[in-house]
Asker: 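Just dropping this structure here.
All heavy atoms count here, side chains included; hydrogens, waters and symmetry mates do not. A note on names: the letters A, B, ... follow the listed sequences, proteins ahead of strands, and every chain is numbered from 1.
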Number of protein chains: 2
Amino acid sequence: MKSTIKDVAQEAGVSVATVSLVVHDNDRISSDTKKKVHRAIKLLNYHPSRSARGLVSKKTGNIGFILTDDHFLRTEPFYTRIFLGTEFQARTNEYYILLTTIASDYKKEDPLPRFILEQNVDGIIIAGKVPCDLVENLKEYNLPLVFVDFLPFKGQYPTIQIDNLKGGYIATEHLINYGHRNIGFIAGDIKHPSIYERFQGYKNALEEIGIRTNDKFYVIDEDYPARANGYEAASKLYKRNRNITAIFAANDALAIGAMQFYKDNDIKIPDDISIIGFDDVEVDLLIDPSLSTIHVPKIELGAEAMQLMLNILKNNSTTAKKILVPVELIVRKSTKKI
Amino acid sequence: MKSTIKDVAQEAGVSVATVSLVVHDNDRISSDTKKKVHRAIKLLNYHPSRSARGLVSKKTGNIGFILTDDHFLRTEPFYTRIFLGTEFQARTNEYYILLTTIASDYKKEDPLPRFILEQNVDGIIIAGKVPCDLVENLKEYNLPLVFVDFLPFKGQYPTIQIDNLKGGYIATEHLINYGHRNIGFIAGDIKHPSIYERFQGYKNALEEIGIRTNDKFYVIDEDYPARANGYEAASKLYKRNRNITAIFAANDALAIGAMQFYKDNDIKIPDDISIIGFDDVEVDLLIDPSLSTIHVPKIELGAEAMQLMLNILKNNSTTAKKILVPVELIVRKSTKKI
DNA sequence: TTATTTTAGTAAAACGTTTAACCTGGGGCC
DNA sequence: GGCCCCAGGTTAAACGTTTTACTAAAATAA
């Protein structure tokens with residue numbers, strides 16, 4: 001059944017060392033011998049044992065994937081799709097992904113994920129915002145780290161990020177092009193770097209045409225970027241400012257919540273108010289009217305992260321590369337010219 | 001940094017064998033010695049190496065999770081949620097999940113997932129319908145298998161399943177209770193066992209009140225359970241039969257597609273036609289009107305599967321247990337009394 | 001007291017690889 | 001012919017555990 005390197009060696013009439021060298025395509029072995037060995041490998045359906053390999057080479061062939069539990073449980077498949085991309089890219093490169101979550105209030109004294117303690121990963125991909133303490137604790141294991149959709153404030157790390165600034169800009173620009181001038185902005189945690197960048201993009205676009213905004217135009221103190229908060233934010237904004245004709249929501253969930261508020265208050269979308277989101281999660285097409293948004297290529301984001309990890313692993317380089325993946329304006333039915 | 005069993009042995013002044021026995025809480029070791037060793041373990045932050053362990057014990061601490069690639073890429077987070085449940089349950093029991101997909105047209109001669117060939121898993125959880133050939137090929141590795149939301153036609157296997165029959169029944173019953181008598185049914189692949197059971201539940205409920213259905217009442221030859229097919233199915237059904245006042249769709253995606261068809265043809269939901277889905281995927285609340293459906297506890301489904309796997313692994317039992325998880329009627333706005 | 005059993009622990013082999021160091025038998029060069 | 005080199009391997013140690021068989025000391029029985 002399960003054949004070992006010894007069986008192969010015997011079958012091919014060579015030493016186990018030779019088999020190992022053949023498996024790693026070492027050029028010290030003649031092509032004749034290689035052929036012989038390969039035949040034996042095929043015949044016996046030999047596959048090297050991960051454990052044995054890992055034990056001696058210190059390489060596990062696993063990559064850890066960490067995100068906080070609230071990101072993990074989010075109903076919109078955002079980080080899940082990133083994970084999918086990572087997993088796919090890993091698989092085609094003969095790696096496995098070990099996924100785990102950590103508490104979103106992870107503290108210095110909390111234990112690290114088990115796969116780190118057990119030396120069971122060759123590198124770690126971190127998706128979304130995670131507590132600094134985690135990154136701190138990770139340091140002493142000096143495993144290669146790659147961040148996706150987040151970059152810790154201190155320290156230099158390779159990262160794959162959404163072009164949030166551009167996204168915020170083109171979302172706002174789209175509204176401007178549609179004739180809107182009183183454009184509101186709603187967000188959850190503005191301290192989240194990605195969200196802050198989207199906000200900057202929004203401000204940049206407006207300033208470019210000479211509009212200065214103030215807090216009558218935005219609600220950025222919602223504590224969570226979910227639908228209920230979008231509803232609440234829209235409500236607050238409505239009380240503060242009745243002149244707004246368009247809303248840029250920092251993500252789709254907020255946008256959808258806001259839409260619900262307008263529906264409940266008989267404000268027509270997009271006739272009375274235009275609304276644009278950010279992320280392009282799977283559901284945007286389903287809601288009525290369908291939501292204009294900024295498309296984020298989530299699977300690619302994950303795949304890129306894994307690719308970056310592979311490069312680091314291969315070259316042993318630790319360049320703190322920052323890769324920005326482009327976003328795209330998707331115009332649907334929730335925005336309208338005035 | 002990374003301390004080994006030797007370091008611990010030295011620190012505690014015992015042999016490595018003793019440390020190993022302490023780690024496994026063997027009662028041949030006195031509690032005094034255990035204390036000493038535990039102190040050393042804490043002090044050195046010792047965690048046994050997975051690889052070394054796996055090499056000798058033949059246990060990897062990994063569980064494989066297999067699904068077909070089209071299930072994996074489905075936009076509704078159905079199997080993803082099942083995976084989440086599995087992963088969570090695995091983690092709290094010190095296991096890792098290795099996820100992989102296979103082609104939905106997997107053939108006998110195709111290679112098995114790498115983690116099987118490399119002996120890198122202790123058991124396998126299979127989610128959703130997979131080709132028989134895969135199951136056949138898996139046999140010779142005789143790893144424990146657990147199926148979720150599917151059971152191969154031949155062979156006896158432990159499985160966690162949705163109570164589809166009951167679900168189909170209560171969905172239909174709900175429509176009957178609302179006064180409907182001409183109730184349609186639409187489905188994708190009726191050969192999928194789960195779908196077939198839902199269909200049976202539908203028929204049972206109707207027969208119980210003396211209604212015999214015929215193919216003027218259902219479209220069950222759509223090849224895929226996606227929204228576009230729901231649209232198409234509703235269209236076909238509309239052409240065949242104008243008396244229908246309610247539809248039971250075999251899953252939510254089909255239901256949503258059907259709703260789109262009715263909207264496009266100015267048929268009001270739920271005034272002109274009631275519609276109920278199955279699965280309760282995350283988006284059901286967002287669509288307008290919100291979709292009545294049968295709730296399937298997806299995370300629990302995955303967690304149960306892992307739990308079953310853990311029991312099998314612990315007891316070395318291979319009882320082909322079948323666990324049915326209950327479903328629940330969720331009444332929202334898409335169904336109405338007539 | 002001596003023989004036997006029990007307790008508490010240890011020594012060492014084994015698991016399946018990788019890899020550094022070591023061989024060996026020609027061929028080329030002077 | 002003697003020497004060195006090189007191509008093409010092989011030997012054996014090492015990786016960090018688990019586990020079987022063994023042992024020394026203590027407890028018990030005769």
Asker: Between C1' on C:dT6 and CD1 on B:I29, what's the gap in Å once rounded to a whole number?
Answerer: 15 Å

Asker: Rounded to whole angstrom units, what separation is found between the CG atom of B:D32 and the P atom of C:dT7?
Answerer: 16 Å

Asker: Answer yes if the side chains of A:T68 and A:D70 hold a donor-acceptor pair under 3.5 Å, and no otherwise.
Answerer: yes

Asker: Just by distance, do the side chain of A:D133 and the backbone of A:K108 share a donor-acceptor pair under 3.5 Å?
Answerer: yes

Asker: Between protein and nucleic acid, restricted to nucleotides 22-26 of chain D and to nitrogen or oxygen atoms under 3.5 Å apart, what atom pairs and distances do you find?
Answerer:
none

Asker: Is the NZ or CZ atom of B:R114 both under 6.0 Å from the centre of the six-membered ring of A:Y95 and within 45° of that ring's axis?
Answerer: no

Asker: Quiz question: by atom type and distance under 3.5 Å, do the side chains of B:N120 and A:Y96 form a donor-acceptor pair?
Answerer: no

Asker: Which atom pairs, one a donor and one an acceptor, fall under 3.5 Å between side chains of residues 17-24 of chain A and the rest of the protein, sequence neighbours left out?
Answerer:
from  : atom 1 : to    : atom 2 : distance (Å)
A:T18 : OG1    : A:S15 : OG     : 3.0
A:H24 : ND1    : A:S20 : O      : 2.9

Asker: Are there any protein N/O atoms within less than 3.5 Å of an N/O atom in nucleotides 14-19 of chain C, and if so, which ones and at what distance?
Answerer:
from   : atom 1 : to    : atom 2 : distance (Å)
C:dC15 : O3'    : B:K58 : NZ     : 3.1
C:dG16 : OP1    : B:K58 : NZ     : 3.4
C:dT17 : OP1    : A:Y46 : OH     : 3.3
C:dT17 : OP1    : A:S49 : N      : 3.2
C:dT17 : OP2    : A:I5  : N      : 2.7
C:dT17 : O5'    : A:Y46 : OH     : 3.1
C:dT18 : OP1    : A:H24 : NE2    : 3.1
C:dT18 : OP1    : A:R53 : NE     : 3.0
C:dT18 : OP2    : A:S20 : OG     : 2.5

Asker: A:D27 CG to D:dA7 P: how many Å, rounded?
Answerer: 10 Å

Asker: Answer with yes or no whether the side chains of A:T60 and B:R50 bring together a donor and an acceptor at under 3.5 Å.
Answerer: no

Asker: Quick one: do the B:D149 and B:S194 side chains pair a donor with an acceptor below 3.5 Å?
Answerer: yes

Asker: Starting at CZ of B:R81, measure out to OG1 of B:T86 and round the result to the nearest 0.5 Å.
Answerer: 12.5 Å

